[in-house]
Amino acid sequence: DKMPHRDAVAWNAMAAGYTQHGQSREALKLFQQMQREHVNPNVVTFINILMACASLSNLEHGKDTHACIIERGFETDTFVASALVDMY
């Protein structure tokens with residue numbers, strides 16, 4: 001909350017930190033907040049969120065994220081595709 005300029009890089013760093021430290025639910029909450037604040041997610045955002053979904057076995061959120069990935073045209077990115085395989 002104290003960060004004056006929150007761009008996708010800052011959000012991604014926080015989401016990755018949460019996911020890597022076993023707090024994947026917090027990463028998903030962060031992604032929802034990012035969307036509410038109209039910050040455009042990038043490839044790294046989606047990789048982080050897919051990793052969080054995989055760690056929680058949250059297929060529903062994973063499918064929703066997959067739909068967002070397709071909408072933005074990121075489905076052909078090799079790293080995103082790998083994260084999708086891991087999530088499913």
Side-chain angles (χ1 to χ4, degrees):
D1 289 336
K2 296 179 182 181
M3 197 172 5
H5 180 69
R6 291 187 271 190
D7 59 5
V9 174
W11 288 99
N12 292 342
M14 291 188 292
Y18 280 134
T19 301
Q20 291 171 4
H21 289 92
Q23 297 181 0
S24 294
R25 280 186 177 73
E26 291 301 316
L28 296 181
K29 288 179 189 176
L30 200 66
F31 180 60
Q32 292 169 345
Q33 184 178 353
M34 180 182 180
Q35 291 177 311
R36 283 193 302 272
E37 294 190 20
H38 307 288
V39 177
N40 288 323
N42 60 27
V43 169
V44 176
T45 307
F46 287 119
I47 292 168
N48 286 327
I49 298 309
L50 289 170
M51 288 175 22
C53 292
S55 73
L56 294 169
S57 299
N58 189 336
L59 186 59
E60 182 178 336
H61 198 285
K63 286 181 177 180
D64 291 343
T65 303
H66 190 178
C68 289
I69 288 166
I70 292 169
E71 287 173 11
R72 289 177 177 21
F74 294 144
E75 71 274 10
T76 58
D77 181 90
T78 304
F79 296 106
V80 171
S82 178
L84 282 165
V85 169
D86 290 343
M87 188 274 301
Y88 281 115

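Below, all heavy atoms of this structure are taken into account, side chains as well, without hydrogens, waters or symmetry copies. Just so you know, these numbers come straight off a predicted model, no measurement behind them.
- At a threshold of 4.5 Å between side-chain heavy atoms, the hydrophobic network of Ile, Leu, Val, Met, Phe, Trp and Tyr places Val39 and Met14 in one connected group.
- When the ring-ring contact (aromatic ring centres under 6.0 Å, His included) test is applied to His61, no partner is found at least two apart in sequence or on another chain.
- For residues 16-51, every residue pair satisfying the ring-ring contact (aromatic ring centres under 6.0 Å, His included) rule, not counting sequence neighbours, is listed here: Phe46-Phe74.
- Rounding to the nearest 0.5 angstrom, the gap separating the CG atom in Asn40 from the OG1 atom in Thr45 is 9.0 Å.
- Rounding to the nearest 0.5 Å places CZ of Arg25 at 5.0 Å from CG of Leu56.
- Looking only at distances, a side-chain donor or acceptor of Asp7 sits under 3.5 Å from a matching main-chain atom of Ala10.
- Qualifying side-chain contact (heavy atoms from CB on, under 4.5 Å) partners for Glu71, counting only residues two or more places apart in sequence or in other chains: none.
- Taken from CD in Glu75 to CD1 in Ile70, the straight-line distance is 5.5 Å, to the nearest 0.5 Å.
- Note that SG of Cys53 and NZ of Lys63 are 12.0 Å apart. Values are rounded to the nearest 0.5 Å.
- A donor-acceptor pair is defined here as one N or O able to donate and one able to accept, closer than 3.5 Å; such a pair exists between the side chain of Ser55 and the backbone of Ala52.
- Other residues, nucleotides and ligands place no more than 12 heavy atoms under 6.0 Å from the CZ atom of Phe79.
- Note that OG1 of Thr65 and CG of Leu50 are 6.0 Å apart. Values are rounded to the nearest 0.5 Å.
- Cluster membership for Val9 and Val43, using ILVMFWY side-chain heavy atoms within less than 4.5 angstrom, is not shared.
- Listed here is the closest heavy atom pair of Asn42 and Ala8: ND2-CB, 3.8 Å.
- Two residues are said to be in side-chain contact when any heavy atoms from C-beta on lie closer than 4.5 Å; Asn58 and Met87 fail this criterion.
- In this structure, the separation between CD on Glu37 and CG on Leu30 is 9.0 Å, given to the nearest 0.5 Å.
- Residues Leu28 and Ile49 form a side-chain contact, since some pair of their non-hydrogen atoms from C-beta on lies under 4.5 Å apart.
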